[in-house]
Amino acid sequence: MNQSVLPRRYHRLRDVLNRRQTDLTVLLEDVHKPHNFSAIIRTCDAVGVFSAHGVYTEGDVPAFSETAKGSEKWVDIHTHPDLETAVNKLKRQNFTLYAAHLTEDAVDYRTIDYTKPSCIVLGAEKWGVSDRAMKLVDQAIYIPMLGMVQSLNVSVAAAVILFEAQRQRLAAGYYDHCRFDPDVRDRILFQWAYPDLAKAYDEAGKPYPPLGENGELNN
Ligand code: SAM
């Protein structure tokens, strides 16, 4: 017999999921340092980003550090074998790709309409967004830098841009209603509330059982 999740936790999970934005995401290109990767995922959680994408051509996917504060459980993270695969997948989902990159043709990040499906591409700590990626994206964007140092830490740049996207989406009412189809929402909610049980049902190829009003299992 499985123990039911507490009603308060269930309602919190449901409210957070109802605010998740399926059409706002990030693509991290070789962002290797665990604290940067973790900080970006934590920001995604805070902004309401449902899924994040990464490509690691050099080395392994970074481990999560304490900086993530467990946010990796609530952001769906996809790693892709290469850049082209990631970009093609995102473009098929109608995303416009914005590379955070200081080039001459980059536009101020505040001029973009992030209420449309938007993917922010962020580059490696040392090298920035690659030339290869720059050929695949739709637009370069920059955060104005008025100091002595030429760039921000990658997780800070991600936060600045994602919170502008959140500001626009709040104003447009995007957080006021659930962005998922009800059956998809219920599936994810079950996975969030009962991760081990969800895995067991998946392995058995069985559909998840319906939950009660307060998330209780009808054992
Ligand atoms: N030397 C690298 C370069 O030339 O791009 C610096 C990389 S920076 C530390 C890491 C990432 O943060 C960049 O690839 C970019 O995605 C983002 N970034 C940092 N500062 C930025 C800014 N002012 N505008 C846009 N993106 C920025």
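Computed from a prediction, not measured in an experiment: that's the story for all the values here. Keep in mind that the numbers below use all heavy atoms, side chains included, and drop hydrogens, waters and symmetry copies. We count ligands from 1, going down the list as the structure has it; atoms in each ligand are counted the same way. Sequential numbering from 1 along the given sequence is applied to the chain's residues.
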Open item on the list: Please verify the inter-ring angle class for Y201 with F190; under 30° counts as parallel, over 60° as perpendicular, anything in between as tilted.
Closed with: perpendicular
Does Y174 have R179 sitting over its ring (NZ/CZ under 6.0 Å from centre, angle to axis within 45°)? yes
What are the polar N/O contacts of ligand 1 with the protein below 3.5 Å, with distances?
unit_1: ligand 1; atom_1: 1 (N); unit_2: K126; atom_2: O; d: 3.1
unit_1: ligand 1; atom_1: 14 (O); unit_2: G123; atom_2: N; d: 3.2
unit_1: ligand 1; atom_1: 16 (O); unit_2: A100; atom_2: O; d: 2.7
unit_1: ligand 1; atom_1: 16 (O); unit_2: G123; atom_2: N; d: 3.2
unit_1: ligand 1; atom_1: 20 (N); unit_2: L152; atom_2: N; d: 2.9
unit_1: ligand 1; atom_1: 23 (N); unit_2: I143; atom_2: O; d: 2.9
unit_1: ligand 1; atom_1: 24 (N); unit_2: I143; atom_2: N; d: 2.9

Taken in chain and number order and not counting sequence neighbours, the residues that satisfy side-chain contact (heavy atoms from CB on, under 4.5 Å) with D76 are F50, S51, H78
Residues joined to L27 in its hydrophobic cluster, side chain to side chain under 4.5 Å directly or through other members, sorted by chain and number, are V55, L83, V87, L90, F95, L97, V121, V129, M134, L136, V137
Here the ring pair (Phe, Tyr, Trp, His ring centres under 6.0 Å) pairs for residues 18-39, sequence neighbours left out, are H32-Y56, F37-F64
**Prompt:** Tell me, do N18 and R185 make a side-chain contact under 4.5 Å, heavy atoms counted?
**Reply:** yes
